[in-house]
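A quick note: this is a predicted structure, and the numbers were derived from the prediction, not measured. Chain naming here is simple, since letters A, B, ... match the order of the sequence lines and numbering starts at 1 in each.
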Protein chains: 2
Amino acid sequence: MSDPTPPPRGRTSTKRAAIAETLAGFEDFRSAQDVHEAMRRADRRVGLATVYRTLQAMVEGGELDSLRSETGEVTYRLCSGSHHHHLVCRVCGKALEVRGPAVETWAARTAEAHGFRDISHTVELVGTCSDH
Amino acid sequence: MSDPTPPPRGRTSTKRAAIAETLAGFEDFRSAQDVHEAMRRADRRVGLATVYRTLQAMVEGGELDSLRSETGEVTYRLCSGSHHHHLVCRVCGKALEVRGPAVETWAARTAEAHGFRDISHTVELVGTCSDH
DNA sequence: ATTAGTGCAAATGGTTTGCAGATGT
DNA sequence: ACATCTGCAAACCATTTGCACTAAT
């Protein structure tokens with residue numbers, strides 16, 4: 001039911017490029033506020049609203065992955081392509097991508113067993129990495 | 001490192017009992033606002049702040065399970081005891097408890113393989129149930 | 001010219017907090 | 001009495017929106 005082909009974007013945007021670039025400088029998930037602050041410090045001022053709008057658009061366009069932090073803010077990171085989940089360190093925030101065929105299968109089967117359609121799943125692992 | 005024994009509660013609270021009772025009338029996860037509203041309609045008025053405070057206390061005391069909805073609000077439900085995950089209908093909100101030994105194992109192994117300790121995981125399945 | 005993109009400030013909406021008064025022990 | 005519990009209103013804070021303005025095509 002969802003359009004697999006990302007709809008055409010509007011005209012080329014300077015800010016959007018700057019935001020994407022800033023995001024590229026990070027390894028893990030950052031909030032819109034983080035991105036905005038980072039750009040401010042780098043003297044690449046952007047309106048906070050623009051950051052929010054752009055980030056959302058990028059997620060819809062499939063360029064970004066987003067997830068909700070434990071405190072409830074939405075965080076973003078450049079998309080790596082194929083479907084995967086995250087293993088996040090609760091101390092340093094480092095996030096590793098992990099793939100879990102076992103989980104995908106389990107999710108599909110479980111959903112089907114209960115008569116659910118169009119299943120999507122959220123799987124996040126949080127732990128303390130070896131550096132802590 | 002965390003105290004496994006729920007710390008002693010304060011004195012017996014009337015409101016807390018009312019809130020727990022209200023929550024008992026629900027099957028799936030409800031937000032603090034939902035609970036507050038339900039109580040208002042049942043003529044068991046309570047301050048919204050009290051609902052928030054109480055709900056949080058109950059989660060800490062291990063009486064409630066809480067999770068964040070897709071829109072970011074925190075939702076609560078009486079704890080059912082053993083560890084499990086949820087299969088939620090995106091249309092009616094109905095939530096089924098599902099157990100996934102496969103997922104637990106996968107989570108533990110994945111974490112270990114990357115040197116992570118004290119792993120906890122979040123797994124939520126969202127789909128459309130057979131009634132829709 | 002046209003229209004999408006942007007900034008700013010104001011509006012939202014869930015959640016938290018400060019504080020005075022009610023309540024259980 | 002005394003500490004905890006409550007309610008109310010104000011404070012918070014991430015996010016959204018209205019609107020005038022700038023810039024890409």
Side-chain angles (χ1 to χ4, degrees), chain A residues 6-23 26 28-77 93, chain B residues 6-23 26 28-61 63-77 88 93:
Chain A
R9 309 181 199 78
R11 78 188 46 152
T12 301
S13 154
T14 314
K15 306 299 180 171
R16 182 178 184 128
I19 291 175
E21 207 169 304
T22 301
L23 222 30
F26 292 132
D28 16 287
F29 290 81
R30 300 302 172 106
S31 70
Q33 310 257 5
D34 288 342
V35 174
H36 179 254
E37 169 64 12
M39 296 182 76
R40 195 184 61 58
R41 271 183 297 189
D43 262 308
R44 304 181 79 175
R45 314 297 179 98
V46 200
L48 181 55
T50 300
V51 175
Y52 275 104
R53 281 188 286 234
T54 305
L55 252 21
Q56 283 176 182
M58 293 176 78
V59 167
E60 273 160 39
E63 296 175 60
L64 297 183
D65 255 357
S66 77
L67 66 86
R68 217 172 265 281
S69 75
E70 290 188 12
T71 54
E73 308 123 276
V74 181
T75 54
Y76 309 82
R77 190 173 78 164
Chain B
R9 309 181 198 80
R11 83 188 41 150
T12 300
S13 154
T14 314
K15 306 298 182 174
R16 182 177 184 129
I19 291 175
E21 208 168 304
T22 300
L23 222 31
F26 293 134
D28 13 291
F29 289 81
R30 301 301 171 109
S31 69
Q33 311 253 5
D34 288 342
V35 174
H36 179 253
E37 170 63 10
M39 295 182 76
R40 193 183 62 57
R41 272 184 295 188
D43 261 307
R44 304 180 79 176
R45 315 297 178 100
V46 201
L48 181 54
T50 300
V51 175
Y52 274 106
R53 281 186 287 232
T54 305
L55 252 21
Q56 283 176 185
M58 292 176 79
V59 168
E60 275 160 38
E63 296 175 59
L64 298 182
D65 256 355
S66 78
L67 66 83
R68 222 171 259 282
S69 74
E70 289 189 13
T71 54
E73 309 125 278
V74 181
T75 53
Y76 308 83
R77 190 173 78 163
V88 188

Atom [atom1] of [X] and atom [atom2] of [N]: how far apart are they, to the nearest Å?
| X | N | atom1 | atom2 | value |
| --- | --- | --- | --- | --- |
| B:R16 | D:dC5 | CZ | P | 8 Å |
| B:R45 | D:dC8 | CZ | P | 10 Å |
| A:I19 | C:dG7 | CD1 | P | 8 Å |
| B:R53 | C:dT17 | CZ | P | 10 Å |
| B:L55 | C:dT16 | CG | P | 10 Å |

Between [X] and [Y], which heavy-atom pair has the shortest distance, and what is it?
| X | Y | result |
| --- | --- | --- |
| B:R45 | B:R40 | NE-O, 3.6 Å |
| A:A20 | A:M58 | CB-CE, 3.8 Å |
| A:L23 | A:V35 | CD1-CG2, 3.8 Å |
| B:A38 | B:T22 | CB-CG2, 4.2 Å |
| A:D65 | A:F29 | O-CE2, 3.8 Å |
| A:V59 | A:S66 | CG2-CB, 4.0 Å |

Legend entry - Residue list, side-chain contact (heavy atoms from CB on, under 4.5 Å) with B:D34, at least two apart or on another chain: B:R30, B:S31
Inset, instruction - May I ask you to verify if any side-chain N or O of B:K15 is less than 4.0 angstrom from the OP1 or OP2 atom of C:dA22? - result: no
Inset, instruction - Dump the intermediate steps for side chain to side chain contact (heavy atoms under 4.5 Å, CB included) on A:K15 and A:R53, then the final yes or no. - result: CA-CA 11 Å; A:K15 306 299 180 171; A:R53 281 188 286 234; over 6 Å; no
Sub-3.5 Å pairs of nitrogen or oxygen atoms, protein against nucleotides 11-16 of chain D:
unit_1: D:dT15; atom_1: OP1; unit_2: A:V74; atom_2: N; d: 2.8
unit_1: D:dT15; atom_1: OP2; unit_2: A:Y52; atom_2: OH; d: 2.6
unit_1: D:dT15; atom_1: O5'; unit_2: A:Y52; atom_2: OH; d: 3.4
unit_1: D:dT16; atom_1: OP1; unit_2: A:Q56; atom_2: OE1; d: 3.1
unit_1: D:dT16; atom_1: OP2; unit_2: A:Q56; atom_2: OE1; d: 2.6

Inset, instruction - Classify every nucleotide of nucleotides 20-25 of chain D by which part a protein heavy atom approaches to under 4.0 Å, writing B for the base, S for the sugar-phosphate alone and - for neither, in 5'-to-3' order. - result: ---BBS
